[in-house]
Amino acid sequence: MDEALAVLQGTHDGDDLTQEDLALLETIVNFGPEALTERGRNLWSQLVGAAREGKYQRPWLHGVIGLTKSQDGYVYWHGAAVEHYSHKDPVKEARDAKELGMACTLAERRGLPVNWGNISKIFDDLRFGQGIVAPRFHVMWTADPLNLRLTAVRDSSTDVKAFETQAAAHRARACTQWDVKPTDGSLRYTQITSTEGFDQVVQQLLSDQSWMRAVFQARMQSVTINLVDELHRQVDRGALLTSSQLESNYYSESAPTQGAANPHSSP
């Protein structure tokens, strides 16, 4: 029990412990060291030693130096809270942690405070491919079988703010040309900046067409336009960059260093 108290005292009453180390502590308290395997006892001994010497450190999240995660899911960049994770899939959490570490590193290199506002701006730039010359489209369509239309307008902007500024103008122009009220919900708008974005739009169009067939059965019998075919006609998916290509260009010089996990952190 003295060892358990030492661990609590050396980890701010256990708040600094990882989920794995907390489970190790709970096992000791509830069942004693006899419940541990030989490897578990070795890990417990290392944990006790680190806590007593004041050297216990929460391991870097998925090896991304600078990132740690608390027991309640908050993610910290060198001690400052920047995100909250509730992933059930460790593979996805690892991927997101790597991107978050890159964004935090890039914010620091730009001299920006590392906070969610600046990080979310960097993520917006990432998804858009800020500064990269690539095909991008504003896509608008209607969800009215009596006025079924789709148009994809290519935009040469390489700046996300300029692209967003054009979005409002394109929506207004479509409403005027198609005699659609911007407030009645029949005009759909989205953007395509990558092949993954294209595929997401296809799923949106399929969903809209399925909904219209269910709601407007009689009207849909006379509709000849297929929104997905129209999208393929206007946008060459093969000419788009993938999200990975956009990411590799944008983060080419901003990847954080990867490090090994704290040896005291594994059960």
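From a predicted model like this one, the values you see are computed outputs, not experimental measurements.
Between Pro59 and Thr68 the shortest side-chain heavy-atom distance does not fall below 4.5 Å. Looking at Pro135 and Leu240, their side chains come closer than 4.5 Å, going by heavy atoms from C-beta outward. In this structure the side chain of Arg110 reaches within 4.5 angstrom of the side chain of Ile122, judged on heavy atoms. The shortest side-chain heavy-atom distance between Leu43 and Asp21 does not fall under the 4.5 Å cut-off. Contact annotation: the side chain of Thr158 never approaches that of Ile132 to less than 4.5 Å [non-hydrogen atoms, C-beta and beyond].
Ionic pairing of Lys88 and Glu93 is not present here: no N-O contact between side-chain nitrogen and carboxylate oxygen is shorter than 4.0 angstrom. Between Asp199 and Arg237 a salt bridge is recorded (basic side-chain N to carboxylate O distance below 4.0 Å). For the pair Arg233 and Glu230, the salt-bridge criterion is met [side-chain N within less than 4.0 Å of a carboxylate O].
Among all heavy-atom pairs drawn from Val82 and Trp116, the shortest one is O-CE3, 3.5 Å. Closest approach of Leu36 to Arg41, counting heavy atoms only: O-NH1, 2.7 Å. When all heavy atoms are compared, the tightest approach of Pro33 to Ile28 is CA-CD1, 3.7 Å. The shortest non-hydrogen separation linking Ala97 to Leu61 is CB-CD2, 4.0 Å. Annotation for Leu187 and Ala174: closest pair CD1-CB, 4.3 Å, computed over non-hydrogen atoms. The two residues Cys104 and Ile119 make their nearest non-hydrogen contact at SG-CD1, 3.6 Å.
Under the rule for a side-chain hydrogen bond (donor to acceptor under 3.5 Å, both in side chains), the partners of Asp124 that lie at least two apart in sequence or sit in another chain are Arg127. Residues satisfying the ring pair (Phe, Tyr, Trp, His ring centres under 6.0 Å) test with Tyr76, not counting sequence neighbours, are none. Looking at residues two or more places apart in sequence or on another chain, you find a ring pair (Phe, Tyr, Trp, His ring centres under 6.0 Å) between His84 and Tyr74. The side chain to side chain contact (heavy atoms under 4.5 Å, CB included) search around Pro90 returns none, not counting sequence neighbours. Applying the side-chain hydrogen bond (donor to acceptor under 3.5 Å, both in side chains) test to Arg154 and every residue at least two apart in sequence or in another chain returns nothing. Taking Glu108 as the reference, Trp77, His78, Val114 meet the side chain to side chain contact (heavy atoms under 4.5 Å, CB included) condition, with sequence neighbours excluded. Taking the side chain to side chain contact (heavy atoms under 4.5 Å, CB included) definition, one finds that Ala152 meets it with Phe137, Val139, Gln234, Val235, sequence neighbours left out. Residues forming a side-chain hydrogen bond (donor to acceptor under 3.5 Å, both in side chains) with Ser120 (at least two apart in sequence, or on another chain): none. For Phe198, the ring pair (Phe, Tyr, Trp, His ring centres under 6.0 Å) partners two or more places apart in sequence, or in a different chain, are His232. Residues passing the side-chain hydrogen bond (donor to acceptor under 3.5 Å, both in side chains) test with Thr151, sequence neighbours excluded: none.
Rounding to the nearest 0.5 Å gives a distance of 11.0 Å between OG of Ser186 and CG of Asp208. Leu17 CG to Leu24 CG: the interatomic distance, rounded to the nearest 0.5 Å, is 9.0 Å. Annotation: the span from Glu34 atom CD to Thr27 atom OG1 amounts to 12.0 Å, rounded to 0.5 Å. Here the straight-line distance linking atom CD of Glu83 with atom CG of Leu67 works out to 10.0 Å at 0.5 Å rounding.
No donor-acceptor pair closer than 3.5 Å links the side chain of Arg136 to the backbone N or O of Ser156. Under the 3.5 Å distance criterion, the side-chain polar atoms of Ser210 are left unmatched by any main-chain donor or acceptor of Leu206. For Thr142 (side chain) and Arg149 (main-chain N/O), a donor-acceptor pair under 3.5 Å exists by modelled atom type. For Gln203 (side chain) and Gln200 (main-chain N/O), no donor-acceptor pair under 3.5 Å exists by modelled atom type.
Under a hydrophobic-cluster definition in which Ile, Leu, Val, Met, Phe, Trp and Tyr are linked whenever side-chain heavy atoms come within less than 4.5 Å, directly or via other members, Val180 and Leu205 are assigned to different clusters. Cluster membership check: Val201 shares its hydrophobic cluster with Leu227, using side-chain heavy-atom separations under 4.5 Å among Ile, Leu, Val, Met, Phe, Trp and Tyr. A continuous path of hydrophobic side-chain contacts links Met212 to Leu150 [ILVMFWY only; heavy atoms under 4.5 Å]. Put simply, Val7 and Val29 are part of the same group of oily side chains (I, L, V, M, F, W, Y) that touch within less than 4.5 Å, one to the next. Note on Val202 and Met140: separate hydrophobic clusters, where clusters join Ile, Leu, Val, Met, Phe, Trp and Tyr whose side-chain heavy atoms are under 4.5 Å apart, directly or indirectly.
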Only distances under 3.5 Å count here; give the side-chain donor-acceptor pairs of residues 159-168 to other protein atoms, sequence neighbours excluded, each with its distance to 0.1 Å.
{"from": "Asp159", "atom 1": "OD1", "to": "Gln130", "atom 2": "NE2", "distance (Å)": "2.7"}
{"from": "Asp159", "atom 1": "OD2", "to": "Lys161", "atom 2": "N", "distance (Å)": "3.0"}
{"from": "Asp159", "atom 1": "OD2", "to": "Ala162", "atom 2": "N", "distance (Å)": "3.0"}
{"from": "Glu164", "atom 1": "OE1", "to": "Gln191", "atom 2": "NE2", "distance (Å)": "3.3"}
{"from": "Glu164", "atom 1": "OE2", "to": "Gln191", "atom 2": "NE2", "distance (Å)": "3.2"}
{"from": "Thr165", "atom 1": "OG1", "to": "Lys161", "atom 2": "O", "distance (Å)": "2.9"}

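Hydrophobic cluster of Phe31: no remaining members, since no ILVMFWY side chain lies below 4.5 Å from it.
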- Task: Would you sort out whether Gln204 and Trp141 count as a side chain to side chain donor-acceptor pair (under 3.5 Å), showing the intermediate values?
- Result: CA-CA 11 Å; Gln204 287 179 269; Trp141 69 95; over 6 Å; no

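The environment of Asp179 atom CG is sparse: at most 12 non-hydrogen atoms of other residues, nucleotides or ligands sit within 6.0 angstrom.
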